[in-house]
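From a predicted model like this one, the values you see are computed outputs, not experimental measurements.
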Amino acid sequence: LGFSIAPATSLAYDSALASYVEFCEKHNFPLQPSIDTLSFYITYMSHFVKPSTISSYLSGIINKLSPFFPEAARIRSTPLVKKTLQGAFRLRSTPISRKRPVTPADLERMHTEIHARADLSYNSALFLAMTWTGWHGLLRTSDMADADRIDQRDARRTMLRSSVKDSGNFIKILLPM
């Protein structure tokens with residue numbers, strides 16, 4: 001069960017748990033989750049982070065505390081806790097800000113600029129190949145590259161070179177998990 005979540009997720013959950021423990025200590029609440037404690041935590045955290053972050057934190061807290069307090073998941077899904085989180089979303093949500101999508105013209109410009117350099121390095125060629133493959137294959141960056149931090153890398157999520165098949169007309173890639 002300990003390996004059921006990715007290493008990066010486990011690190012994020014550890015951070016969420018540390019935040020909850022700090023909150024409980026600061027406000028003299030017991031560590032054992034209760035409806036009131038989780039509601040107060042949501043209200044408190046809504047002054048510092050986005051509600052979507054609080055929702056993720058709650059997932060981490062429940063994941064980490066469930067082995068010690070089996071009722072934690074039930075408490076997380078009670079009406080008061082749900083309504084408190086809904087209220088945080090209503091009061092503190094920010095509008096979604098999206099970046100401009102990459103267009104075919106952007107890909108062409110990138111290709112032209114990278115190939116115009118006299119010293120086309122391996123990294124530049126790899127970046128260009130990953131960008132084109134990712135754009136045409138609708139891949140996320142995390143599907144194509146490993147995390148910078150070694151402790152966040154997960155071999156189960158790494159795309160293997162041997163899984164790439166070129167048929168001439170198209171490329172087939174086996175995506176992990």
Side-chain angles (χ1 to χ4, degrees), residues 1-102 126-127 130-131 133-135 137-161 163 173-177:
L1 192 60
F3 294 109
S4 62
I5 58 174
T9 304
S10 184
L11 284 172
Y13 283 3
D14 288 342
S15 174
L17 180 61
S19 164
Y20 178 74
V21 169
E22 182 182 331
F23 165 80
C24 288
E25 289 173 351
K26 184 175 186 175
H27 295 92
N28 296 318
F29 286 123
L31 194 56
Q32 182 172 0
S34 70
I35 294 170
D36 288 339
T37 306
L38 289 182
S39 294
F40 287 135
Y41 176 76
I42 292 166
T43 304
Y44 174 77
M45 290 303 291
S46 70
H47 294 282
F48 305 104
V49 296
K50 293 190 288 188
S52 58
T53 303
I54 299 169
S55 184
S56 296
Y57 279 15
L58 287 174
S59 296
I61 292 163
I62 299 308
N63 177 276
K64 293 293 184 177
L65 291 181
S66 287
F68 308 103
F69 306 109
E71 72 283 0
R74 181 193 59 76
I75 292 168
R76 162 67 174 92
S77 61
T78 58
L80 181 60
V81 174
K82 285 182 174 181
K83 292 287 184 186
T84 305
L85 190 57
Q86 266 182 346
F89 270 97
R90 282 197 191 111
L91 288 173
R92 307 268 183 205
S93 283
T94 55
I96 295 173
S97 168
R98 301 192 193 280
K99 292 186 176 7
R100 183 180 64 79
V102 177
L126 181 61
F127 173 76
M130 289 174 68
T131 303
T133 304
W135 191 84
L138 303 175
L139 301 174
R140 295 179 174 178
T141 305
S142 63
D143 293 333
M144 299 181 293
D146 282 332
D148 287 338
R149 288 181 50 181
I150 293 172
D151 59 343
Q152 291 184 348
R153 292 182 187 166
D154 186 355
R156 298 172 297 175
R157 295 182 55 117
T158 300
M159 193 183 325
L160 301 176
R161 261 187 280 182
S163 75
I173 304 170
L174 177 64
L175 298 176
M177 297 175 35

* Separation between CD of Gln86 and CD1 of Ile42, rounded to the nearest 0.5 Å -> 10.5 Å
* Asked: Between Ala88 and Pro51, which heavy-atom pair has the shortest distance, and what is it?
  -> O-CG, 3.3 Å
* Asked: Does the side chain of Leu31 reach to within under 4.5 Å of the side chain of Phe68, using non-hydrogen atoms?
  -> no
* Structure fact -> Between Pro30 and Cys24, the two heavy atoms sitting closest are O-SG, 3.6 Å
* Quick one: does Ser56's side chain have a donor or acceptor within less than 3.5 Å of a partner on Ser52's backbone? -> yes
* Would you say the side chain of Arg149 lies within less than 4.5 Å of the side chain of Leu11, judging by non-hydrogen atoms? -> yes
* **Leu17 side, atom CG; Asn63 side, atom CG - distance, nearest 0.5 Å** => 9.5 Å
* To do: Keeping the roles fixed (side chain from Arg153, backbone from Ala147), state whether a donor-acceptor pair exists under 3.5 Å.
  => yes
* **For Ser55 against Arg76, the heavy-atom pair lying closest together** => OG-NH2, 3.9 Å
* **Least distance between heavy atoms, Trp135 atom then Val102 atom** => NE1-O, 3.0 Å
* Only counting residues at least two apart or in another chain, list the ones meeting ring pair (Phe, Tyr, Trp, His ring centres under 6.0 Å) with Phe89. => none
* Considering residues, nucleotides and ligands other than Lys64, do more than 12 of their heavy atoms fall under 6.0 Å from its NZ? -> yes
* Structure fact -> Looking only at heavy atoms, the pair that brings Ala16 and Ile61 closest together is O-CG1, 3.7 Å
* Leu174 side chain near Leu160 side chain, heavy-atom distance below 4.5 Å -> no
* Asked: Does Thr133 reach the side chain of Ile173, with side-chain heavy atoms less than 4.5 Å apart?
  -> yes
* To do: Name all residues meeting the salt bridge (charged side-chain N to carboxylate O under 4.0 Å, His left out) criterion together with Arg140; count only those two or more places apart in sequence or in a different chain, and write none if there are none.
  => none
* Is the count of non-hydrogen atoms from other residues, nucleotides or ligands lying under 6.0 Å from Ile150 atom CD1 greater than 12? -> no
* **Flag side-chain contact, heavy atom, 4.5 Å: Tyr57 against Tyr41** => yes
* Structure fact -> Shortest non-hydrogen pair, Leu80 vs Ser39, comes out as CG-OG, 3.5 Å
* Asked: What orientation do His27 and Tyr44 show, parallel under 30°, tilted 30 to 60°, or perpendicular over 60°?
  -> perpendicular
* Measure the spacing between OG1 of Thr84 and CG of Leu38 and express it to the nearest 0.5 Å. => 9.5 Å
* Spacing of CE belonging to Met130 relative to CG belonging to Leu139, to within rounding of 0.5 Å -> 9.5 Å
* Asked: Which residues pass the side chain to side chain donor-acceptor pair (under 3.5 Å) test with Ser46, sequence neighbours left out?
  -> none
* Going from CG on Asp154 to OG on Ser10, what distance comes out if it is rounded to the nearest 0.5 angstrom? -> 11.0 Å
* To do: State whether the number of non-hydrogen atoms from other residues, nucleotides or ligands found under 6.0 Å of Asp148 atom CG is greater than 12.
  => no
* Look at the side chain of Ser77 and the backbone N and O of Arg74, then say whether any donor-acceptor pair between them is shorter than 3.5 Å. => yes
* Just checking, any donor-acceptor pair under 3.5 angstrom between side chains of Thr37 and Tyr20? -> no
* Test log, rule side-chain contact (heavy atoms from CB on, under 4.5 Å), inputs Leu58 and Met45 -> CA-CA 11 Å; Leu58 287 174; Met45 290 303 291; over 6 Å; no
